[in-house]
Amino acid sequence: MNQPGETTHFGFRDVALSEKQTLVNDVFHSVARRYDLMNDLMSGGLHRLWKEWMVTALNPPRSEHPFALLDVAGGTGDIAFRAAESSGPGFKATVCDINSDMLGVGRERALARQLEGQVSFVESNAEELAFPNSTFDAYTIAFGIRNVPRIERALGEAFRVLRPGGRFLCLEFSTVDVPGFDRMYELFSFKVIPPLGRAVTGDGQAYEYLVESIRKFPKPAAFAEMIRSAGFSRVTWQSFSGGIVALHSGWRL
Ligand code: SAM
């Protein structure tokens, strides 16, 4: 149980645990329409490669064999669309997000790609998923978990909704520790991203939150330990692009 008055981080600010979700929701309501464009601009298109990397690790079946994916904090649907496009007719994805504006953009994109039969959208909180126990073959969360106030609860929910034998995959910004590159990355993060966010979305503070929240997220070994504590087995991780992102994997056995 969280105690009244318990605090957490919203970027570099200490805020009440109960306040963080409201602040995070404001960020994504504000940037939803320009979210995909900003991802391309900020990462120079690299986010596409990182997401492709996650879907390759997921390796959904290309057959008619049924396979149910839950993509949590799925926002505008990138992971679910990529997975649907590289899988067979038995594949179904549920994109779950707490933010109706992000889901609204996702629904429009699903229609444009004619994926509405394979990808559905549900508004739900990662900390209290609106799905029964043992429902999904895989759970993915990309650039989402650091926004969730109670990460342990979200991991517990991931374990609950996965079937035994199910796969957990988390793609998240991580820690750059390549000498020289770390200084450049720091400068780019704090001096370029917020002004770029202000110019493109009108909300520079949203992108200040983004870079600050990345610095506050646990290091990969510590996050792996949190995943193990939630009950997952065979937990591993790999870093990509000099540590800008890491992909964590675990199994509900
Ligand atoms: N996964 C998408 C991608 O990779 O493009 C979107 C990632 S976006 C950076 C983070 C998403 O997390 C937002 O859509 C936000 O609404 C969602 N989010 C934040 N807190 C959440 C929560 N408690 N439960 C579910 N989704 C949440």
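Residues take their numbers from the sequence shown, with the count starting at 1. Every number for a ligand or one of its atoms is a count from 1 in the order of the listing.
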Under a 4.0 Å threshold between the charged nitrogen and the carboxylate oxygen, would [Y] count as salt-bridged to [X]?
{"X": "Asp101", "Y": "Arg33", "value": "no"}
{"X": "Asp78", "Y": "Arg109", "value": "yes"}
{"X": "Arg13", "Y": "Glu208", "value": "no"}
{"X": "Glu225", "Y": "Arg228", "value": "yes"}
{"X": "Arg160", "Y": "Glu157", "value": "yes"}

What do you reckon, does Asp97 put a non-hydrogen atom under 4.0 Å from ligand 1?
->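 It does, in that a heavy atom of Asp97 comes within the 4.0 Å cut-off of ligand 1.
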Going by heavy atoms, is Val72 under 4.0 Å from ligand 1?
->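 No, that is not the case, since the closest heavy atom of the residue is not under 4.0 Å from the ligand.
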Looking only at protein heavy atoms, which one is nearest to [atom], and what is the separation?
{"atom": "atom 8 (S) of ligand 1", "result": "Tyr35 OH, 3.3 Å"}
{"atom": "atom 24 (N) of ligand 1", "result": "Ala126 N, 2.8 Å"}
{"atom": "atom 12 (O) of ligand 1", "result": "Ala73 CB, 3.3 Å"}
{"atom": "atom 20 (N) of ligand 1", "result": "Gln21 NE2, 3.0 Å"}
{"atom": "atom 18 (N) of ligand 1", "result": "Ile98 CG2, 3.9 Å"}

Of the side chain and backbone of Phe28, name the one, both, or neither that has a heavy atom under 4.0 Å from an atom of ligand 1.
->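 It is the side chain that touches ligand 1; the backbone stays farther off.
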Intermediate values then yes/no, ring pair (Phe, Tyr, Trp, His ring centres under 6.0 Å), Phe173 and Phe143 = CA-CA 7 Å; Phe173 290 109; Phe143 306 115; 4.6 Å; yes
Please identify which atoms of ligand 1 are closer than 4.0 Å to at least one heavy atom of [X].
{"X": "Ser124", "answer": "24 (N), 25 (C)"}
{"X": "Gly75", "answer": "14 (O)"}
{"X": "Met102", "answer": "14 (O)"}
{"X": "Asn125", "answer": "22 (C), 23 (N), 24 (N)"}
{"X": "Lys51", "answer": "3 (C), 4 (O), 5 (O)"}
{"X": "Asn99", "answer": "16 (O)"}
{"X": "Val24", "answer": "19 (C)"}
{"X": "Gly74", "answer": "1 (N), 2 (C)"}

To the nearest 0.5 Å, what is the distance between CG (Asn125) and CZ (Arg153)?
->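 It comes to 9.0 Å.
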Is NZ or CZ of Arg252 both nearer than 6.0 Å to the six-membered ring centre of Phe159 and within 45° of the ring axis?
->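 So Arg252 does make the cation-pi contact.
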Plane angle bin for His248 and Phe223 - parallel if under 30°, tilted between 30 and 60°, otherwise perpendicular |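 It falls in the perpendicular class, over 60°.
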With a 4.5 Å limit on heavy-atom distance, are the side chains of Tyr139 and Leu69 in contact?
->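 Tyr139 does not reach Leu69 side chain to side chain.
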Donor + acceptor pair across side chains of Thr135, Arg163 (<3.5 Å) =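 On atom types as modelled, these side chains do not qualify, holding no pair under 3.5 Å.
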N or O contact, Cys96 vs ligand 1, cut-off under 3.5 Å =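 No; every N/O pair is 3.5 Å or more apart.
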